[in-house]
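As structure tokens, the structure follows; a few thoughts come after it.
The basis for the numbers below is simple: all heavy atoms, side chains too, and nothing from hydrogens, waters or symmetry mates. Lettering follows sequence order; numbering is per chain, from 1.
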2 protein chains.
Amino acid sequence: MGPTSTSPSAQRSRGRPRKMAVPEAVAAALRLVDEDGLDSLTMRRLAAALDVQVGTLYRHFATKQTLLAAMAEEMLAGCAGPLPDGLTWREQVTELAGRLRMALLRHRDGARVYAGTHSVGPNTLSYTDTLVGVLRETCLSPEAATRTALTIVHFIVGHTLEEQAAQALAESELPATLTLLHAALDPGTYPNLAAAEATLTSTDFVGHFAHGLNLIIKGLAGE
Amino acid sequence: MGPTSTSPSAQRSRGRPRKMAVPEAVAAALRLVDEDGLDSLTMRRLAAALDVQVGTLYRHFATKQTLLAAMAEEMLAGCAGPLPDGLTWREQVTELAGRLRMALLRHRDGARVYAGTHSVGPNTLSYTDTLVGVLRETCLSPEAATRTALTIVHFIVGHTLEEQAAQALAESELPATLTLLHAALDPGTYPNLAAAEATLTSTDFVGHFAHGLNLIIKGLAGE
DNA sequence: ACCTGAACACCGTTCAAGT
DNA sequence: ACCTGAACACCGTTCAAGT
């Protein structure tokens with residue numbers, strides 16, 4: 001800080017009073033996404049929701065990408081919070097993975113928001129830090145722990161992307177898609193898909209998620 | 001077929017000669033994506049590339065989503081081709097997973113195209129059929145085989161999404177992002193990220209992919 | 001110091017009219 | 001039967017001008 005600096009509040013009290021605040025803008029953006037989906041999130045609609053001109057947004061977010069990264073960072077709030085005592089490392093990994101999944105599911109199109117951005121904010125960093133930490137306690141080298149953390153996160157993102165895509169379809173054309181799929185499933189051409197159809201079209205995403213995560217965790221045990 | 005139907009070629013020979021063909025349009029769209037990225041793929045730019053008016057595209061693709069699904073389906077061509085003889089099931093799974101990864105990597109933003117659509121075309125269906133088939137031969141129930149196939153595909157999509165995001169960053173702001181990340185990594189606040197940084201910022205995606213896939217395959221062995 | 005108003009260069013989608 | 005031309009209702013981003 002230079003000798004001419006004044007306190008932030010004194011600085012802010014000069015000039016026009018601030019009409020827009022970044023945290024409120026991020027919250028409003030997430031609300032818009034929850035209501036109408038990510039495709040309907042528009043700089044113009046967000047400006048209207050904040051009762052501000054579009055240009056004003058660009059004083060606080062350099063681009064729409066910056067806004068989306070701030071939204072992803074906000075979604076992860078609390079995901080790295082302290083773990084209950086007495087959990088095995090398996091339970092700790094399961095708990096952390098479940099938290100990220102729930103954080104993405106909490107907002108409509110949350111996985112798409114997260115997958116499309118690269119936040120280096122504190123929520124994102126401390127989540128990865130915590131997950132790598134738990135894995136390192138399993139006698140994994142830093143490299144193996146990091147790679148495993150990446151594997152887990154990639155699985156969660158891919159899985160939740162699919163889950164929310166199914167949710168979006170459910171509101172409109174899911175029955176049509178299912179019929180189309182069923183019609184395409186000639187048992188002669190796709191013998192295994194015929195046997196897989198029930199599982200493929202089931203909505204037991206909790207079960208699917210647990211299956212995939214357990215596969216990864218079991219693979220870890222053999223290291 | 002009704003008694004009044006004629007052969008397709010006879011039908012097509014009546015009226016104006018067809019200016020636009022769907023497979024050529026899909027190929028041109030993939031070329032546009034390869035050149036300028038998915039964000040630059042526009043119905044208008046595609047129409048211009050095909051020397052056609054925008055409205056014409058909508059006679060062949062109901063929406064842009066339909067076009068993207070056709071692109072995803074095209075990307076998977078060959079992925080379900082016959083497997084070499086004499087591979088163990090582990091090697092078969094590794095081969096199939098590697099094929100999907102390479103198919104997504106072959107086109108710029110390929111993972112984003114794939115993740116954003118739901119094709120029920122023959123390439124997509126036969127890929128899943130083949131993967132489920134290989135897994136069923138491992139004494140897995142249809143349900144377990146299907147869930148495992150989903151797990152593998154979700155991991156591949158999540159992983160490749162990340163890999164191509166890093167590629168996109170590399171062409172412009174990757175050094176800036178890395179500096180930003182390094183600056184944020186206070187070892188006091190994020191003790192595990194400090195140890196993870198080298199792996200986290202490495203570009204050994206082949207190694208990361210192999211690690212993740214092996215984790216899943218090893219987990220399978222314990223079933 | 002912060003916001004307004006207006007513009008620039010685009011989008012996806014639709015549809016009457018042509019041939 | 002298939003395509004053109006033109007429109008509708010939007011976009012993200014920029015920037016001079018106001019207060």
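Judged by distance alone, with hydrogens and angles left aside, the side-chain atoms of B:Asn192 form no donor-acceptor pair with the main-chain N or O of A:Val132 at under 3.5 Å. A donor-acceptor distance shorter than 3.5 angstrom exists from the side chain of B:Gln164 to the backbone of B:Ala111, with no hydrogens or angles considered. For the pair A:Thr42 (side chain) and A:Arg44 (backbone), a donor-acceptor distance under 3.5 Å is absent. Remark: side-chain polar atoms of B:Arg45 are paired, donor with acceptor, to backbone N or O of B:Ser40 under 3.5 angstrom. Within the 3.5 Å criterion, the main-chain N or O of B:Val120 finds no donor-acceptor partner in the side chain of B:Thr124. The main-chain N or O of B:Glu35 is found under 3.5 Å from a side-chain atom of B:Arg108 such that the two form a donor-acceptor pair. Judged by distance alone, with hydrogens and angles left aside, the side-chain atoms of A:Asn123 form a donor-acceptor pair with the main-chain N or O of A:Glu73 at under 3.5 Å. Side chain of B:Glu74 to main chain of B:Ala27: no donor-acceptor pair is present (N/O by atom type, distance under 3.5 Å, no hydrogens or angles). Within the 3.5 Å criterion, the main-chain N or O of A:Gly37 finds no donor-acceptor partner in the side chain of A:Asp109.
For the P atoms, the distance from D:dA9 to C:dC10 is 22 Å, rounded to whole Å. For C:dC11 and D:dC8, the C1' atoms lie 12 Å apart once the distance is rounded to whole Å.
The structure places CG of A:Leu104 at 10.5 Å from NE2 of A:His159, a figure rounded to the nearest 0.5 Å.
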Exercise for the section: Tell me, with the steps shown, if B:Leu200 and A:Leu150 meet side chain to side chain contact (heavy atoms under 4.5 Å, CB included). Expected result: CA-CA 8 Å; B:Leu200 230 36; A:Leu150 288 174; 3.9 Å; yes
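Following rounding to the nearest Å, B:Met20 (CE) and D:dT4 (P) show an atom-to-atom distance of 11 Å. Rounded to a whole Å, the CG atom of A:Asp39 is 14 Å from the C1' atom of D:dC10. A straight line from CG of A:Leu46 to C1' of D:dG12 spans 13 Å, rounded to a whole angstrom.
Which of D:dG12, C:dG12, D:dC2 sits closest to the side chain of B:Arg18 comes down to D:dC2.
Near-neighbour residues of DNA chain C inside residues 47-66 of chain B, defined by a heavy atom below 4.0 Å, number-ordered: B:Val54, B:Gly55, B:Tyr58, B:Thr63, B:Lys64. Within residues 22-37 of chain A, no residue has any heavy atom closer than 4.0 Å to DNA chain C.
Helical stems involving DNA chain D, defined as 3 or more consecutive Watson-Crick or G-U pairs under 3.5 Å, span C:4-8 with D:12-16, C:12-16 with D:4-8.
In terms of position along DNA chain D, the nucleotide closest to B:Lys19 lies nearer the 5' end than the nucleotide closest to the other residue of the pair B:Lys19 and B:Arg44.
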